[in-house]
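Have a look at the structure below, then the notes.
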Amino acid sequence: MRKTLYLVLGIGTPVILILAWFAVSAGSTDTFFPPLSYILERFQALWLFAHFQSDILVSLLNLVIGFALASVIGVGLGFVLAMLPKVGEYLDPVIHFFRSIPPVALVPIFVALIGFGVEMRVTSIAMAAVFPTLIATVDGLRGVDSTLKDVSAVYRLSTREKVLGVYLPAAGPHIASGMQVSLQTAFVVMIASEMLGPAQGIGAMTLLAQQSFMIADMWSGILLLGVIGFAANMIFELGRRRLLAWYIGSRQLAKAS
Amino acid sequence: MSHEAATTAKRPAALPRLDVKSLAKSYGTGSKAKVIIEDLTFTVETGEVVCIVGPSGVGKTTLLKCLAGLQTATSGSAAIDGRVIDGPPREMALVFQDYNRSLMPWLTVRKNLLLPLRHLKLPAAELRERCDSALEAVGLTHAEHQYPWQLSGGMQQRVAIARALAYRPEILVMDEPFASVDAQTRFDLEDLCLKIRDDFNMTILVVTHDIDEAVYLSDRVVVLGSKPARVLKTIDLDLPRPRDQITTRSLPGFAQQRTEVLSLIKRPA
């Protein structure tokens, strides 16, 4: 009963908000707040599918590659740092220094180092998004129960079995939370990286529209970014629920009892 | 004294299966050193069930960690067939006290049993047989596809025991294995313990603080005193085999030996 209520509210609220936006903005002559109907018209004209391949796909590809790199490097490096405590201690201050820099501020550095190309965008995304995953992985691995480590030792599991069969799943919930933050960071930096260099990508198109006073186009870009961000998070959440079903299940059970 | 003589006479050439010699363990050094185990000496022969009893917090778990090669003794040694233990021995399985932390929560019961077997490279049929029989032995066949956290504490402990059984160790070491199960299950598991000893000629070492359990299970009881841990006395038990929960426990000898152990533990240090 309660669940249905939340579901109705969850779906209903955005629908009501959009309808309200549509109704209130209808017939608007304000330059900065054009009617939603017009924004949707522009949305269709721009993104479905004129700029799909040239911009949407390019942005998404940067996001996916950057995020994938960040995840692999974050988890891999996290393992190294957690398994070699001496190295971890040594590098700890450096990592915390770099992760304290706002991710977007890293973009100019990479422009200077790599130039304006796709490589710069992917590198910026990956470098900014690596820290949440890295730090969560180290934390997760340091928190692996000592009893599980003892069990692995007593039953003489191979290093490979320990890493992939015990440590990785045991740190899984932590790693997933870190990756979720990484995904958000990657998304922000994806847009930020497009504000410099060639005008290609959703962020670049949106900025260009704003600068050339095509306000409806700008709104349509923002709308698209919202949809993509929402979808990306939803896909991630579905994957997380599948992989960590054991964790979610055990937590629910612990809460219920 | 008489016991040592008897053992030597029976098996003159053989080394003891498990030989703990002047084992000591302390943390820290110098004046700050905290001595957990002062000086432990005892042996366990093949096919024997030996219980270690002593008050809580005496350092029994530390002792087991030394035997399992998880910690190194500060001085003295523990050896299997004369081979000093310096890492987890391949012929040993250990059932941990913290049953709820020793199982992998992301694996089903059956997969928990399979995890330690993977690197043994056994044929699929044998893997299946080992899991099936271990689960049947602890009465958890019906729960094989459930996750540990879906089971009660007692059931989780039985999964941990089944995991050790499926591993088919030659030496089984258990740290207060039956502390969290109900009385009926406890009796069943105690009898299971004696049965696998008979079936596989397994050597079993059990840490417990339950004196009745120690007397019922053991061929020998090592009574530890605290603090630091030291052997107060090693008592040979000669209750007839096979043992039975009702008849063995009502023997006059049972009560007598129970009293002997109890008086050692109760005695002010």
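Any value given below was found using the heavy atoms of this structure, including those in side chains, with hydrogens, waters and symmetry copies removed. Here is the naming used below: chain letters follow the sequence lines, and residue numbers restart at 1 for every chain.
The greatest number of non-hydrogen atom pairs below 4.5 Å with chain B, out of S152(A), A170(A), S146(A), is found for A170(A). Chain A forms more heavy-atom pairs under 4.5 Å with one residue of R118(B), Q97(B), R163(B) than with any other, namely R163(B). With chain A as partner, the option from A68(B), A160(B), A164(B), S102(B) having the largest number of non-hydrogen pairs under 4.5 angstrom is S102(B). Interface remark: of the candidates P88(B), P169(B), G69(B), P88(B) forms the most heavy-atom pairs closer than 4.5 Å to chain A.
Heavy-atom distances place both the backbone and the side chain of L157(A) under 4.5 Å from chain B. Of the two parts of L115(B), the backbone and the side chain both hold a non-hydrogen atom closer than 4.5 Å to a non-hydrogen atom of chain A. Proximity to chain A (any heavy atom under 4.5 Å) is shown, for L94(B), by both the backbone and the side chain. If you measure heavy-atom distances from P148(B) to chain A, you find no contacts under 4.5 Å at all. Contact of D150(A) with chain B is made through backbone and side chain together, with heavy-atom distances under 4.5 Å.
Two residues are said to be in side-chain contact when any heavy atoms from C-beta on lie closer than 4.5 Å; E136(B) and T141(B) meet this criterion.
Applying the side-chain hydrogen bond (donor to acceptor under 3.5 Å, both in side chains) test to every pair with at least one member in residues 142-159 of chain B, sequence neighbours left out, gives these pairs: R110(B)-E144(B).
The shortest heavy-atom contact between G203(A) and M195(A) is O-CE, 4.4 Å.
Under the 30°/60° scheme for interplanar angles, the aromatic rings of F131(A) and F98(A) are found to lie parallel.
Among the candidates V49(B), V95(B), I161(B), the single residue satisfying the side-chain contact (heavy atoms from CB on, under 4.5 Å) test with L172(B) is V95(B).
Judged by distance alone, with hydrogens and angles left aside, the side-chain atoms of R130(B) form a donor-acceptor pair with the main-chain N or O of A166(B) at under 3.5 Å.
With 3.5 Å as the limit, one finds no donor-acceptor pair spanning the side chains of N233(A) and E237(A).
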